[in-house]
Amino acid sequence: MANVELSSLAKLPQLTKLRKLELSDNSIAGGLDVLAERCPNLTYLNLSGNKIKDLSTVEILTNLKNLKSLDLFNCEITNLEDYRDNIFRKLPQITYLDGFDQEDNEAPDSEEEDDEECEEYEDEDDEAGPPGEYEDDDDEEEGESDLGEEEEDVGLSYLMKEEIHDEEDDDDYVEDGGEGEEDDDEEEEAVVQGEKRKRDAEDEGDEDED
């Protein structure tokens, strides 16, 4: 919310998970106690370029227990004598004021801080998961795959047995057919021989009449 002509934080919503808040270049002169109530987990707060004039205005920020970095650039308060020493004394939880610590060491880049916070969240997520949950899932998947392989083997064996039975049935059919053909041939031969005998008998009868 930088440079939006903001003069009061009274309507700030409840943002309990908010870590970084930009309020620079506005017209805020006080009412910072709202931050501790609505944004209790702030670690970085930028109030530079506002109308903050005295130490009592920022002293209320002691209630922001997680606050590590505070920026008050271009505020009138920075013109006070021993400004930095007084701020570090009244706000012992902060590490960096206007981008530097008490020993004038520069604060790390904000992107690096974001990466560190992301890593912390990832570590918390890893710890939050119940141990063995994913291992159980893997075991179930392996068990299902083993069952699938066994079913496949049984199915193949069944099909192979069916094919063997089909081949035996075909052989029986061929053998039965062959026997039938032999019987037909024998019957035809008997008929032919019978007709031949009949003709021979008729021929002999004709010769007797002569």
Side-chain angles (χ1 to χ4, degrees), residues 1-139 141:
M1 294 186 291
N3 195 19
V4 292
E5 301 181 359
L6 193 65
S7 60
S8 172
L9 299 174
K11 295 183 178 180
L12 188 70
Q14 194 79 21
L15 301 168
T16 56
K17 294 184 179 181
L18 188 66
R19 299 282 184 130
K20 302 178 72 174
L21 181 58
E22 290 276 354
L23 294 170
S24 60
D25 300 319
N26 284 294
S27 301
I28 299 170
L32 301 183
D33 55 314
V34 175
L35 294 174
E37 297 173 4
R38 313 275 175 86
C39 308
N41 290 309
L42 283 180
T43 60
Y44 172 84
L45 177 61
N46 189 350
L47 290 168
S48 60
N50 280 279
K51 297 181 179 181
I52 298 172
K53 298 179 181 180
D54 49 54
L55 294 172
S56 61
T57 303
V58 298
E59 191 173 1
I60 194 68
L61 297 178
T62 52
N63 294 325
L64 289 173
K65 303 300 183 182
N66 296 317
L67 189 64
K68 301 299 180 186
S69 181
L70 174 65
D71 284 345
L72 294 168
F73 281 123
N74 297 326
C75 292
E76 291 185 35
I77 191 175
T78 59
N79 297 323
L80 296 176
E81 186 178 356
D82 296 329
Y83 150 72
R84 288 180 61 82
D85 290 339
N86 287 325
I87 293 293
F88 278 118
R89 187 172 64 253
K90 291 182 178 296
L91 302 176
Q93 79 273 30
I94 70 170
T95 303
Y96 300 101
L97 175 62
D98 300 333
F100 293 88
D101 64 12
Q102 284 182 280
E103 298 177 354
D104 290 333
N105 295 315
E106 189 173 3
D109 186 72
S110 59
E111 292 183 0
E112 294 179 0
E113 291 181 354
D114 291 341
D115 292 339
E116 290 178 359
E117 289 180 1
C118 290
E119 290 177 359
E120 290 178 2
Y121 283 126
E122 289 175 357
D123 292 340
E124 290 176 0
D125 291 340
D126 292 340
E127 293 174 358
E133 178 180 357
Y134 300 106
E135 294 177 0
D136 293 341
D137 292 341
D138 293 339
D139 293 340
E141 291 178 359

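None of the values given here were measured: they were computed from a predicted structure.
- Using a 4.5 Å cut-off on side-chain heavy atoms (C-beta onward), D71 and L47 make no contact.
- Side-chain atoms of L70 and L72, non-hydrogen and from C-beta on, do get closer than 4.5 Å to each other.
- Of all the heavy atoms in S56 and D54, the pair that sits closest is OG-OD1, 2.8 Å.
- A donor-acceptor contact shorter than 3.5 Å is absent between the side chain of N74 and the backbone of G49.
- Between Y44 and N66, the side chains place no donor N or O within less than 3.5 Å of an acceptor N or O (distance only, hydrogens not considered).
- Residues E37 and Q14 approach most closely at O-NE2, 3.1 Å, considering heavy atoms.
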As a quick check of understanding, evaluate side-chain contact (heavy atoms from CB on, under 4.5 Å) for K90 and V58, giving each step before the final call.
CA-CA 9 Å; K90 291 182 178 296; V58 298; 6.0 Å; no
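- Residue K68 holds its NZ atom at 15.0 Å from NZ of K20, rounded to the nearest 0.5 Å.
- In terms of modelled atom types and a separation under 3.5 Å, the side chain of T62 and the main chain of L91 share no donor-acceptor contact.
- Of all heavy-atom pairs between F73 and D98, the closest is CZ-O, 3.2 Å.
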Would L15 and C39 satisfy side-chain contact (heavy atoms from CB on, under 4.5 Å), going step by step from the backbone distance to the final call? CA-CA 5 Å; L15 301 168; C39 308; 4.0 Å; yes
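- Here the straight-line distance linking atom CG of L18 with atom CG of L12 works out to 8.0 Å at 0.5 Å rounding.
- For the residue pair N105 and D101, a side-chain donor N or O sits within less than 3.5 Å of a side-chain acceptor on the partner.
- The closest side-chain heavy-atom distance from F88 to I94 is below 4.5 Å.
- Of all non-hydrogen atoms in Y83 and I77, the two that sit nearest each other are CD1-O, 3.4 Å.
- For E5, the CD atom is loosely surrounded, since the number of other residues' heavy atoms within 6.0 Å does not exceed 12.
- Counting only heavy atoms from C-beta outward, the side chains of N3 and E22 never approach each other to under 4.5 Å.
- Once rounded to the nearest 0.5 Å, the distance linking CD of E76 with NZ of K51 reads 9.0 Å.
- Side-chain contact check for L67 versus L45: some heavy-atom pair is nearer than 4.5 Å.
- Shown here for A36 and N63, the closest heavy-atom pair between the two residues is CB-CB, 3.6 Å.
- No option in I87, L32, L42 other than L32 meets the side chain to side chain contact (heavy atoms under 4.5 Å, CB included) test with L61.
- Of all the heavy atoms in R38 and P13, the pair that sits closest is CB-O, 3.5 Å.
- In this structure, the side chain of N26 engages the main chain of V4 through a donor-acceptor pair within 3.5 Å.
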_Evaluate T43 against N41 for side-chain contact (heavy atoms from CB on, under 4.5 Å), listing each step before the verdict._
CA-CA 6 Å; T43 60; N41 290 309; over 6 Å; no
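- Taken to the nearest 0.5 Å, the CZ atom of R89 stands 13.5 Å off from the CZ atom of R84.
- Taking OG from S24 and CE from M1, the interatomic distance works out to 10.5 Å, rounded to the nearest 0.5 Å.
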### Task
Would you sort out whether L23 and N46 count as a side-chain contact (heavy atoms from CB on, under 4.5 Å), showing the intermediate values?
CA-CA 6 Å; L23 294 170; N46 189 350; over 6 Å; no
